[in-house]
Amino acid sequence: MKVIIAEKPSVAREIAKVFGANTKREGYIEGKGYTFTWAFGHLLQLAPPQEYGYYRWSVQNLPMLPQKFKLCIRKVSSKEGVVDDPAAKKQLDVIKKLFDEATEIIVATDAGREGELIFRYIYYYLKCKKPFKRLWISSQTDEAIKEGFRNLKPGGDYDTLFNSAHCRSQSDWLVGMNATQALSLASCTRSVLSLGRVQTPTLAMICARYLENKNFVPELYYQVAIQVDKDGQLFRAISVKSYKNRAEAEQVLERVEDVAAGFANGGNILSVEAKPRKEPPPLLHDLSSLQQEANKRKGFTADQTLGILQHLYENKLVTYPRTGSRYIGDDVFATVPQLIAGFTGHALFGKQATILTESKLNKRSVNAKKVTDHHAILPTGERAYTLSTDQQAIYDMVVGRMLEAFHGECVKEITKITVKSGEDFTASGTVVAVPGWRAVFNDKDEEKKDEENAALPKVVKGENLPITNKAVLDKQTKPKALYNEASLLKALETAGKEIEDDELRYAMKDSGLGTPATRASIIETLIKRNYIIREKKNLVPTATGLSVYGVVKDQQIAQAELTGSWEKRLEEIRSGASVAAFQQEIQNYTRSITSEMLRAGEVLRQKSKEPAGKH
DNA sequence: GCAAGGTC
């Protein structure tokens, strides 16, 4: 009998459906001579330090460098402390039984590094020796699954992929566990001062931005505004130049030939420019963009949004949520018209859905090459039952974005008028000529600046108009805003884009810091460690966070580049490079960061002795 | 007590 193992139940169900297997058992599905089972993500993890004899936290144990790593069942916290996750244990028993009976295993975990690791950890933990083949697909439509099965790969083809995954996993353990213990022990604070390849650069970004914001010295500057009257329609224009001191601006103001100063028509229209600007629809959502939007619109945390999405997914209302792709393939696109037709009765979007059923769909979000492990988030078309307010809000963002993404472009008329009265003044206005995709949510344009007029009256070059008011505007330069969840998620995604080293930047181009599935939990970890707090919508470092930042900020572990350099080496391993060489480098780095952190912890210890209020 | 990765 052949056993097919997927990364998660939903994929196993999809595959079983294609085979026409439908006998549901505890932990697997059976039929047509196959069994279809699944994991729940990682069921196994690298064993904690005590499994290698490092029972207590102690400087004597550092650095901890296990000869050979062990695996253990995923842990959860419960009333009795940290225990084996019962769900993982139970599913592992099911898998063991099926593997024992199997003649062949077909690996259908997600097509990527972690998917490979999820299977191999199970396989090696169970000491399984059965032959296995690999199913490698990036969408779960019937056709993609069938094609994948016609094209099964030898399991051994992915040995180097497993090697790179295993190295990633061990390296994170070695660096994270050792650096954390070193800093925590040396600082003598009794609390955990955790460090890691992802969390520490994230903390560093939040702290650096906070300090930059706090130490920012605003510069004052001045502009002059005038109000122009075109046959009773008033509009505002601002001086093209800005002025360092008020006196200078006052002089400019003085030269404005307004009505009060006795000039009936003191504003001369120098130029009128009008041009259309086309805005393509936004791409479909991936997890990160949806978390950002939910944070902006509703103030949801990344963690809340993920939780709600998981619920919608488990109830089959939306497709797989932890995706990093904003595209779908042609196979999924083929199902979109029917999907849209299902929303013509929707309370908010019914009208736009109806319009879309009669239009040619925009294919900007359709690109099979940009679909990675999973495609963009879509509604499934299942009928929504009664949802809570928050669930409905997230669901509507998914549905609304689908309608936007396949809509036509928005066309805006941008008008710029230049008026001369002494100095030059400009007014700009934006009018939506064709709403296109913007009709779906019908939001006000978030990009619009304060000084912009919605619509400008029709004026003609060369005409002279009365200026009915004038004033000096006090302005000041603004610091970069503190991070909130939305801007931090964005920054994590694009972390590495500014790395100077070409190779490291290239290695990180598809990843950023963390993954879609883990970014919400990284923010929660920093909060749990008391490194950062939520202050209104912002993420702000605590005194603890700032002092940890103070001691690590120049270390590699606080730089996004560390991930870049690992990704580069891991990719080389995937294409066959030596594992041992990388492991040696990691071991060396572990030794060095451990001793650095033991020394740095001393600094924290000295600092905490200083009188309160000094920092 | 600790990482980052995956998922229910």
Side-chain angles (χ1 to χ4, degrees), chain A residues 6-12 27 38-51 54-58 61-64 69 74-77 81-82 85-88 90-91 109-110 112-122 164-185 187 189-202 287 306-307 309-315 320-324 373-374 492 511 513-522 524-526 528-530 557 562-563 566-567 570 586 590 593-594 597:
Chain A
E7 181 153 327
K8 45 191 167 269
S10 64
V11 176
W38 53 78
F40 304 117
H42 278 296
L43 299 178
L44 299 159
Q45 58 183 195
L46 295 179
Q50 58 267 31
E51 298 291 324
Y54 309 118
Y55 297 109
R56 295 180 41 251
W57 285 45
S58 151
N61 285 337
L62 301 182
M64 303 172 288
F69 275 96
R74 172 221 285 162
K75 302 285 185 274
V76 285
S77 348
V82 178
D85 181 342
K90 190 175 166 198
Q91 190 61 18
T109 48
D110 291 356
R113 197 164 73 194
E114 290 303 320
E116 191 63 28
L117 192 63
I118 285 169
F119 166 70
R120 298 282 184 129
Y121 273 178
I122 294 169
S164 79
H166 199 28
C167 277
R168 197 281 307 146
S169 177
Q170 292 176 345
S171 305
D172 277 325
W173 191 104
L174 286 168
V175 171
M177 295 288 189
N178 282 295
T180 298
Q181 285 200 15
L183 187 65
S184 305
L185 286 167
S187 72
T189 52
R190 281 194 306 279
S191 57
V192 177
L193 299 178
S194 67
L195 297 171
R197 171 180 59 86
V198 176
Q199 63 171 265
T200 305
T202 307
L287 175 61
L306 178 54
L309 272 172
Q310 175 68 18
H311 178 92
L312 296 174
Y313 166 66
E314 283 169 23
N315 288 284
Y320 181 76
R322 290 177 212 84
T323 175
D373 292 7
H374 304 277
L492 289 176
S511 56
L513 269 181
T515 71
T518 59
R519 284 183 192 128
S521 71
I522 287 158
E524 298 304 316
T525 298
L526 293 176
K528 191 168 142 203
R529 297 272 176 274
N530 189 32
I557 197 170
L562 183 63
T563 293
W566 286 20
E567 286 299 338
L570 292 170
I586 292 296
T590 301
I593 188 70
T594 303
M597 289 303 103

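Predicted, not measured: the structure shown is a model, and the values here were computed from it. Sequence lines set the chain letters: A, B, ... in the order given, protein chains first and strands last, and positions in each chain run from 1. Computation of the quantities below employed the complete heavy-atom set of this structure, encompassing side-chain atoms and omitting hydrogens, waters and symmetry-equivalent molecules.
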Checklist entry - For A/S10 and A/L513, take the nucleotide of DNA chain B holding the closest heavy atom to each; which residue's nucleotide lies nearer the 5' end? => result A/L513

Item to check | Nearest-Å distance for atom pair NZ/C1', residues A/K75 and B/dT7 | outcome: 17 Å

Item to check | Side chain of A/L46 - closest among B/dA3, B/dG5, B/dG1 | outcome: B/dA3

Item to check | Phosphate-side-chain proximity, A/Q199 and B/dA3, N/O vs OP1/OP2 below 4.0 Å | outcome: yes

Item to check | Under 3.5 Å: donor-acceptor pair, side chain of A/T109, backbone of A/G115 | outcome: yes

Next on the checklist: Rounded to whole Å, how long is the line connecting atom CZ of A/R168 with atom P of B/dA3?
Outcome noted: 13 Å

Checklist entry - When we call it a touch if two heavy atoms are under 4.0 Å apart, what does A/Q45 touch: a base, just sugar-phosphate, or nothing? => result base

Checklist entry - Using a cut-off of 4.0 Å on non-hydrogen atoms, how would the nucleic acid contact of A/Q50 be classed: base, sugar-phosphate, or nothing? => result base

Checklist entry - With respect to the phosphate group of B/dA3, does any side-chain polar atom (N or O) of A/R529 fall under 4.0 Å of OP1 or OP2? => result yes

Checklist entry - Could you give the distance from CZ (A/R197) to CH2 (A/W173), rounded to the nearest 0.5 Å? => result 16.0 Å

Checklist entry - According to a strict under-4.0 Å criterion, is A/R74 in side-chain N/O contact with OP1 or OP2 of B/dG5? => result no

Checklist entry - Is any side-chain N or O of A/S169 closer than 4.0 Å to OP1 or OP2 of B/dG5? => result no

Checklist entry - With distance as the sole test, does A/D172 use its side chain to make a donor-acceptor pair with the main-chain N or O of A/G196 at under 3.5 Å? => result no

Checklist entry - Reckon A/P49 touches a base, only the sugar-phosphate, or nothing at all at heavy-atom distances under 4.0 Å? => result base

Checklist outcome for this item: Separation of B/dG5 atom C1' from A/I522 atom CD1, nearest Å, is 9 Å

Checklist entry - Would A/K8 count as a cation-pi partner of A/Y320, with NZ or CZ less than 6.0 Å from the six-membered ring centre and within 45° of the ring normal? => result yes

Item to check | Presence of salt bridge, A/E524 and A/K528, under 4.0 angstrom | outcome: no

Checklist entry - Would you call the rings of A/Y121 and A/H166 parallel, tilted or perpendicular if under 30° counts as parallel and over 60° as perpendicular? => result perpendicular

Next on the checklist: Categorize A/G514 for me: base, sugar-phosphate, or nothing, with a 4.0 angstrom heavy-atom threshold over every strand shown.
Outcome noted: sugar-phosphate

Next on the checklist: Heavy atoms only, 4.0 Å cut-off, all strands: where does A/N178 land among base, sugar-phosphate and nothing?
Outcome noted: nothing

Checklist entry - A/L287 has an atom CG; how far is it from atom C1' of B/dT7, in whole Å? => result 13 Å

Next on the checklist: For a quick test of reading the model: is some side-chain N or O of A/Q181 closer than 4.0 Å to OP1 or OP2 of B/dC2?
Outcome noted: no

Next on the checklist: Any side-chain N or O of A/T518 below 4.0 angstrom from OP1/OP2 of B/dA4?
Outcome noted: no

Next on the checklist: Rounded to whole Å, please give me the gap between CG in A/L117 and P in B/dT7.
Outcome noted: 13 Å

Checklist entry - Nearest to the side chain of A/E314, which nucleotide is it out of B/dG6, B/dC8, B/dC2? => result B/dC8

Item to check | Gap between atoms CD and P, on A/Q91 and B/dG6 respectively (whole Å) | outcome: 20 Å

Checklist entry - Which of these nucleotides, B/dC8, B/dC2, B/dG6, is closest to any side-chain atom of A/F40? => result B/dC8

Item to check | Centroid distance under 5.5 Å and plane angle under 30°, A/W57 vs B/dG1 | outcome: yes

Item to check | Comparing A/H42 and A/S194 on DNA chain B - which has the more 5′ nearest nucleotide | outcome: A/S194

Next on the checklist: Rounded to whole Å, please give me the gap between NZ in A/K528 and C1' in B/dA4.
Outcome noted: 13 Å

Item to check | Side-chain N or O of A/R322 closer than 4.0 Å to phosphate OP1/OP2 of B/dG6 | outcome: no

Next on the checklist: Tell me the closest heavy-atom pair linking A/L526 and A/Q199, and the distance in Å.
Outcome noted: CD2-O, 3.8 Å

Checklist entry - Looking across every strand, which nucleic acid part, if any, lies under 4.0 Å from A/V192 by heavy atom: base, sugar-phosphate, or nothing? => result base

Next on the checklist: Between C1' on B/dG5 and OH on A/Y121, what's the gap in Å once rounded to a whole number?
Outcome noted: 9 Å

